[in-house]
Each structure stands twice: as C-alpha cells, then as structure tokens.
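Shown next, in structure tokens, is the structure this report addresses.
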Amino acid sequence: MKKVLLVFGVVLTLGLLIGAAVYVLLFMEDPIQEAVEPSSIAEKVSKPKNADVRDQAKTQADMLEMLDYETGKNRDTVGWLWVPGTKINNSVLQSYDNAFYLRQDERREYDIYGCYFVDYECSVGPREELSPNTIIYGHSDLKDNPEGPRFSQLYHFTDPDFARETPVIQFSTLDGFMYWEVFAVLYTELNESFISPDPPEGIEQMAAAAMEKSLYEYGVTVGDQDHVLILSTCTSSFGANDTDHRFVVLAKLLPEDAQIPTEAQIEVRTES
C-alpha cells in the first residue's frame, strides 16, 4: 500500500511540474522578447521619434522624414520651412484660397495663429516648376516681438547680428531640398509685387525695389531667371489697427551645386 501511495505521489508531483511548465510557456510574457521589442515595428516606422516636429528637422534626412509624416497627416502639406536661429521649423500648407488656413493649424484645428501657408496661386514642387515668386504667409502677435509665436520670429532679422549670421533659409518640398539666400528685409505697403506668384514688372525689377527699402544692403544680385521666396507677416510699426503694411523677408533660390554662404555680408542702412 505504501508503494502505491509513493508511486501516486511521484506521478502527481510530475504532473504538477509539467502543468506549471506548460502554463509558463503558454501564458507568461517572454522577458527577453519584451526587452528587445518594447513597441511594434509598425509604430517605429509610422511616426517620427517626436510627434511635436518643431525644432526637429535640421538635416535633409530629417526634413524628408517629417514631410512624409506630415503629408500623411494632412494632404495639403506642400513643403517644410526652416529659418535657422528661430522657432520657424514647420510644415507649410496650401489650400484652394488664402483664407482656409488663416485660423487653422497643420491638423485643421482652430488656432488663432493659424499655420504657415503658401499663396494658393503659387506652383510648388520641383525647383524648375516653382513660381517666380513663392509667397509664404504667417501670423505674428502684432507686437513685432521676435520671441513671439509663428512669423513673429521673423523680427529677429531686425537685429543686424542675427541677419549677418542667417544668410540662408531652407524651404524644401518632397521634390527637392532647397536653400534660399536672403537679399532683402523690409517693411512695405501691400502691393501686387509681393503677393503675386509672377510679378507684372518681372523678378529683377521687383527685387530691386525691395532692395531699395531693405534694412540692409546684402550685395546679392537677382535676375529675371531667379526664383524668389517671400516670407510675409503683419506689423504694428504703422499703428495697432494698420492693415496696409507687412514685414517681409526675401530670398533667392540657390543652384543645387552652389556653395552655401555661412555669413551675410550686410551693410546696415542709415536713415537719411
């Protein structure tokens, strides 16, 4: 009888051990697998490391990654704008008119400061298909404060040291990585030249008129065959309720093989 009980006890113990092993294999998480793969591969490739893309895209690879991501989030995404030394480092949108994104952000959610958007009449794509003028609009805080939101940051260009240290702007599309050399920074009345993708007097004459009003002499030549980028925002310099003036920064597209300048050779204009 004792032998029978002993055998039964051994069989019971073996059964419990085998059952426990099967339970572990079937239901317990593999600690090695959990450590190696904390998230799915799909998550890693479907979104950038930081969903807040501002201040993240500074290389060509970064911009292509962010542009691809932003295009997936909003089909109106047409480019990426980065002004070194500022918080302007975002996707650029384009819609069927210039009112659509006045108070909507990149996710089409209400935002008093809207987003950066290209004039609806501009052609955006490969460099050879760009409009003579590519105009990008953005709001400021109407305090001309360079530390303010959105295009308020353009007012950093009123500091000669900043202007000297920021000779180029990057505005790129999915079709090309592009550097633009700044040639004028100015306050101006609204006029056809600065809101037209193809200014009636031609690029060279439009650029010359801008250079005459510029805060600095850049010594950069612009011809009718050049492509120009215009960043435009509101200003409070002519009164809090003024709607007829803008603060604009103009830059010309550099050739793909151009040497990128590291400093602008500016001369500050003195008021006569």
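If you read the sequence from its start, that first residue is 1, and numbering goes on from there.
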Indicate, with yes or no, if L142 and Y155 share a hydrophobic cluster defined by side-chain heavy-atom contacts under 4.5 Å among Ile, Leu, Val, Met, Phe, Trp and Tyr.
no

So, the side chain of R107 versus the backbone of K73: is there a donor-acceptor pair under 3.5 Å, distance only?
no

Distance in Å, W82 CH2 paired with M63 CE, rounded so as to fall on 0.5 Å steps:
6.0 Å

Rounded to the nearest 0.5 Å, how far does CG of L190 lie from SG of C234?
8.5 Å

When Y137 is tested against each of Y113, F117, Y101, F194 for ring-ring contact (aromatic ring centres under 6.0 Å, His included), which residue passes?
F117

Heavy-atom closest pair, residues M211 and V220
CE-O, 3.1 Å

Following the transitive rule for hydrophobic clusters with a side-chain heavy-atom cut-off under 4.5 Å over Ile, Leu, Val, Met, Phe, Trp and Tyr, establish whether Y187 and L231 coincide in one cluster.
yes

Do you reckon L215 sits in the same ILVMFWY cluster as F238, going by side-chain contacts under 4.5 Å, direct or chained?
yes

With rounding to the nearest 0.5 angstrom, report the CZ to OG1 distance, F157 to T86.
7.5 Å

If you look at every heavy atom in F183 and A207, which pair is closest and at what distance?
CE1-CB, 3.7 Å

Rounded to the nearest 0.5 Å, the CD1 atom of I136 sits from the CG atom of L93 at a distance of 10.5 Å

Counting neighbours of CD on E128 that are heavy atoms of other residues, nucleotides or ligands and sit closer than 6.0 Å, is the number greater than 12?
yes

Just by distance, do the side chain of R269 and the backbone of K213 share a donor-acceptor pair under 3.5 Å?
no

Considering all heavy atoms, the nearest P146-H156 contact:
O-NE2, 3.0 Å

Side-chain donor-acceptor distances from residues 222-230 under 3.5 Å, at least two apart:
residue, atom, partner, partner atom, Å
D224, OD1, I203, N, 3.1
D224, OD1, E204, N, 2.8
D226, OD2, G223, N, 2.7
H227, ND1, L130, O, 3.4
H227, ND1, S131, O, 3.2

Please tell me if the side chains of N89 and W80 come closer than 4.5 Å, counting only heavy atoms from C-beta onward.
yes

Sidechain-backbone polar pair: Q153 side chain, G148 backbone, donor-acceptor under 3.5 Å
yes

Residues 164-176 side chain polar contacts: donor-acceptor under 3.5 Å, at least two apart:
residue, atom, partner, partner atom, Å
R164, NH1, D161, OD1, 3.3
T166, OG1, F162, O, 2.8
S172, OG, M178, N, 3.1
T173, OG1, G125, O, 3.0
T173, OG1, D175, N, 3.0
T173, OG1, G176, N, 3.4

Any side-chain donor-acceptor pair under 3.5 Å between D62 and T59?
yes

Note, L250 side chain near S214 side chain (heavy atom, < 4.5 Å):
no

Please indicate whether E147 has more than 12 foreign heavy atoms, meaning atoms of other residues, nucleotides or ligands, lying under 6.0 Å from its CD.
yes

Could you walk me through whether K252 and T221 pass the side-chain contact (heavy atoms from CB on, under 4.5 Å) test, one step at a time?
CA-CA 9 Å; K252 77 168 185 178; T221 59; 4.2 Å; yes

Going through the distances and angles, do D144 and S236 end up as a side chain to side chain donor-acceptor pair (under 3.5 Å)?
CA-CA 6 Å; D144 295 8; S236 60; 3.3 Å; yes

Kindly say whether N90 contributes a backbone atom to a donor-acceptor pair with the side chain of E70 at under 3.5 angstrom?
no

Looking at A163 and A264, what are the two nearest heavy atoms and their distance?
O-CB, 3.6 Å

What's the shortest heavy-atom distance between Y116 and G138, and which atoms?
CD2-CA, 4.3 Å

Roughly how far, to the nearest 0.5 Å, is the CG atom of L186 from the NE2 atom of H245?
11.0 Å

Do Y120 and V78 belong together in a cluster built from hydrophobic side chains that touch within less than 4.5 Å?
no

Nearest-0.5 Å distance, CZ of residue R150 to OG1 of residue T233
11.0 Å

Quick check against the 3.5 Å criterion: does D97 have a side-chain atom that pairs as donor or acceptor with the backbone of F100?
yes

Do the non-hydrogen side-chain atoms of Q94 and C122 ever get within less than 4.5 Å of each other?
yes

Do the side chain of T71 and the main chain of L67 share a donor and acceptor less than 3.5 angstrom apart?
yes

Count the heavy atoms belonging to other residues, nucleotides or ligands that lie under 6.0 Å from CD of E256, then report whether that count exceeds 12.
no

Is there a donor-acceptor contact under 3.5 Å from the side chain of N74 to the main chain of E106?
yes

Side-chain touch T134/L253, heavy atoms, less than 4.5 angstrom
no

Donor-acceptor pair, side chain of T235 and main chain of F247, under 3.5 angstrom:
no

On a heavy-atom basis, the closest approach of S232 and F151 is O-CD1, 3.4 Å

Whether the side chain of N133 engages the backbone of I135 through a donor-acceptor N/O pair (distance < 3.5 Å, no angle test) should be reported.
no

